[in-house]
Amino acid sequence: MAIVGIDLGTTNSLVATWTADGPMLVPNALGESLTPSVVNIQAHEVSVGRSAQERLITRPEHTVAAFKRWMGTEKVTRLDGHGYRAEELSSLVLAQLKRDAEAHLDEPIDEAIVSVPAYFNDLQRKATLNAARLAGLHVERLVNEPTAAALAYGLGDVDEAQFLVFDLGGGTFDVSILDKYDNVMEVRATAGDNFLGGDDFRDILLDEICRRHAIERGRLAAVDVSRLLRFAEALKIELSSRQTVTYGFELPDRTLDGSIERAEFEAVAKPLLMRLRHPLERAISDARLDPAQIAQVVMVGGATRMPAVRALVARLFGRLPLTHLNPDHLVALGAAVQAGLKTRSSALEDVVMTDVCPYTLGISAYNSGEGRKSGELVTVPIIERNSVVPISRSDTFVTVSDRQERIDVEVYQGENLKPENNVHLGTLSIAVPPSKAGRESIDVRFTYDVNGALEVEVQVTSTGERHRRIFKNRADLAEGDLARRFSDLSGLKVAPRDQAENRLLIARAERIYAETLGDKRERVAEALTAFSKAIEDPRNAHPERQREQFSALLDRLETDVFRDFD
Ligand code: AMP
């Protein structure tokens, strides 16, 4: 019985195992280590990974991606007539990784170490544990993604030091500062930008291409926009390894011919590069450190391959970041290291981020002068983010108008000054004796415990009257509920493993067909029909040749965009 490490990512998921030679990634049925975290359900059959990803375009009503963002929420996605919560969709990904690992290692897997972002709150962590249970995996511990990345680099063996983990993925940017002492790896501070990632660099590059060729994106058909996005993505990646790229991209009525230099791309991407600085500075100052005290910087996430990002980090820290391991693999490899440590029963303690309050908690109030309602409504922090929990803090607020009878205590979570940009947790409406503005006051106390529950207690100063409310995390799944959902999910069939390559080729051809017109489209249609016939023919003993030819044709149709490479 083996235990594996799993990186359950927003875009891609990976599974790795601990071996005598260290951590090793496990390939899926296509021989690849990255399985896109995309789920397709059609006619009660589930497929996960690249073929599902191709169907995001051709069968959007049956396919879903990026559901990690909804972990711990009640959001339901309807697929094939059924509603699924994020944890159920995640369980389908985990079950797929489990099957892949069992096929590769040729032994049953029933236990895993699963990684989660350091800032995940208790609710999101519980949802991840539920997903694992639904997938038939026993998960005793979750590992924070930055800790896993540090472990992959062997930083767990260092005696005492502070590390910064710089994680720039497709859609988000996360910075974590880890402190290693006494065999404990503690997350000291986290910061980030949920709206900044590799996709923004792609979009800015596409804007530049559109500007150069005077294309108005709004006038293009949806398929052409999605093709252009794919083109810009490939162009961005080429620019990480080449100084200049020359391209020729066909639109229905014209061909975009041109070339772009890396320096030109970096110039238009400058505002995005500048935005990377802010969370770095915030994490360092929250951890009360000086950049010189950071022993190592670990780069995680595909977008850290951009030379400009590496150069920025080198400049800010005065040292080269660690980049010699593949940034896409780090978290899974680190989770496997943690699995290895666990089997030797010397698991490294990973102080989970719920030991720190990950967000600022506060209430809204008028910011200027007592008794004047003319001030602006702002968020007043009561518990600051990254405070060690349990913690209790209070503040006093006064009435703002004459004969005011109630004070509404609106509770918010988030870092924005404007309440409407933060997450509204709830309201306590408190009755106060009518009096002159500013005369009546309330004392608002916030207590945040280790389980992520927030207790808000309000006391009216003049009457001593107390009000209390607990903003609690949703309870664990009841066993009955879990059993019911387990049986719902087990009603789904799984796409057969030996068909994985054929299914991917068909899904990919269908997507290219949807995206092209004219000759290309006809060629795809003909080849698709011939291929489908060939693989269904029981007399065909060697479908590999047709598969290779078909795949080569699809590659040609997709990669004729770049004309030459320097
Ligand atoms: P992740 O979420 O960690 O898989 O990161 C995905 C992001 O990394 C996407 O925005 C990719 O475009 C980006 N990425 C992957 N490889 C490269 C590369 N060689 N150069 C630039 N960006 C890349």
Side-chain angles (χ1 to χ4, degrees), residues 6-16 25 28 32-38 49-50 53 56 65-69 71 90 93 97 115-119 145-146 148-149 152 165-176 192-209 226 228-245 260-266 268-269 272-273 275-276 298-313 321-335 559 561-562 565:
I6 293 181
D7 170 3
L8 183 60
T10 309
T11 323
N12 292 300
S13 294
L14 300 90
V15 52
L25 293 169
N28 59 23
E32 297 170 351
S33 52
L34 265 68
T35 297
S37 308
V38 185
R50 267 182 68 194
Q53 190 175 37
L56 272 173
F67 37 84
K68 180 171 170 181
R69 282 192 241 142
M71 285 298 261
S90 297
V93 175
L97 298 174
S115 64
V116 288
Y119 59 80
E145 288 167 8
V165 179
F166 181 107
D167 182 354
L168 188 63
T172 56
F173 175 43
D174 298 306
V175 179
S176 312
D193 188 333
N194 284 335
F195 300 96
L196 178 59
D199 294 350
D200 299 289
F201 286 83
R202 172 202 64 194
D203 292 347
I204 224 161
L205 179 59
L206 182 55
D207 286 345
E208 173 62 12
I209 298 292
S226 88
L228 266 174
L229 279 170
R230 207 185 295 277
F231 160 62
E233 173 71 14
L235 188 58
K236 176 188 78 173
I237 287 172
E238 286 299 328
L239 283 168
S240 288
S241 52
R242 296 168 213 283
Q243 296 290 347
T244 310
V245 180
I260 184 158
E261 286 179 18
R262 184 192 290 166
E264 293 170 327
F265 168 46
E266 290 175 356
V268 293
L272 297 177
L273 291 165
R275 277 174 61 195
L276 293 170
V298 178
M299 301 291 259
V300 191
T304 58
R305 289 199 180 90
M306 282 185 283
V309 172
R310 294 182 174 186
L312 174 92
V313 171
L322 290 175
T323 54
H324 53 274
L325 294 178
N326 182 329
D328 295 327
H329 297 168
L330 284 181
V331 173
L333 291 174
T559 55
V561 180
F562 300 125
F565 301 123

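Indexing begins at 1, ligand by ligand and atom by atom, following the structure's order. The model shown is predicted, which means the values in this text are computed figures rather than measured ones.
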When you measure from the side chain of [X] to the backbone N and O of [Y], does any donor-acceptor pair fall under 3.5 Å?
| X | Y | result |
| --- | --- | --- |
| Arg202 | Ala232 | no |
| Arg50 | Pro36 | no |
| Thr10 | Lys68 | no |

Enumerated ligand 1 atoms positioned under 4.0 Å from heavy atoms of [X]:
| X | answer |
| --- | --- |
| Asp199 | 10 (O) |
| Gly301 | 3 (O) |
| Met306 | 21 (C) |
| Glu233 | 11 (C), 12 (O) |
| Thr11 | 2 (O) |
| Lys236 | 10 (O), 11 (C), 12 (O), 13 (C), 22 (N) |
| Ser240 | 18 (C), 19 (N), 20 (N), 21 (C) |
| Asn12 | 4 (O) |

Between [atom1] on residue [X] and [atom2] on residue [Y], distance to nearest 0.5 Å:
| X | Y | atom1 | atom2 | result |
| --- | --- | --- | --- | --- |
| Arg310 | Thr323 | CZ | OG1 | 4.5 Å |
| Phe166 | Asp174 | CZ | CG | 10.5 Å |
| Asp193 | Asp200 | CG | CG | 8.0 Å |

Sub-3.5 Å N/O-N/O distance, Gly169 and ligand 1: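 No, no N or O pair falls under 3.5 Å.
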
For ligand 1, which is the ligand I care about here, please tell me if Ala303 has any N or O atom under 3.5 Å from one of the ligand's N or O atoms.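 Yes, there is a polar N/O contact under 3.5 Å.
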
Ion pair Lys236/Glu233, N-O distance below 4.0 Å: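 Salt bridge: yes.
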
From Gly198, Gly170, Ser241 - option closest to atom 6 (C) of ligand 1 by heavy atom: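 The residue whose heavy atom sits nearest atom 6 (C) of ligand 1 is Gly170.
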
Show, in sequence, the C-alpha distance, side-chain angles and deciding distance for Val300 and Glu145, and conclude whether the side chain to side chain contact (heavy atoms under 4.5 Å, CB included) test is met. CA-CA 9 Å; Val300 191; Glu145 288 167 8; over 6 Å; no

Can you tell me which residue and heavy atom of the protein come closest to atom 23 (C) of ligand 1, and the distance to 0.1 Å?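 Protein heavy atom at minimum distance: Gly302 O, 3.3 Å.
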
Heavy atom of the protein closest to atom 16 (N) of ligand 1 (residue, atom name, distance):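 Scanning the protein heavy atoms, the shortest distance from atom 16 (N) of ligand 1 goes to Arg305 NH1, 3.1 Å.
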
Taking atom types as modelled, find out whether Ser13 and Thr35 have a side-chain donor-acceptor pair closer than 3.5 angstrom.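 Side-chain D/A pair, Ser13 to Thr35: absent.
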
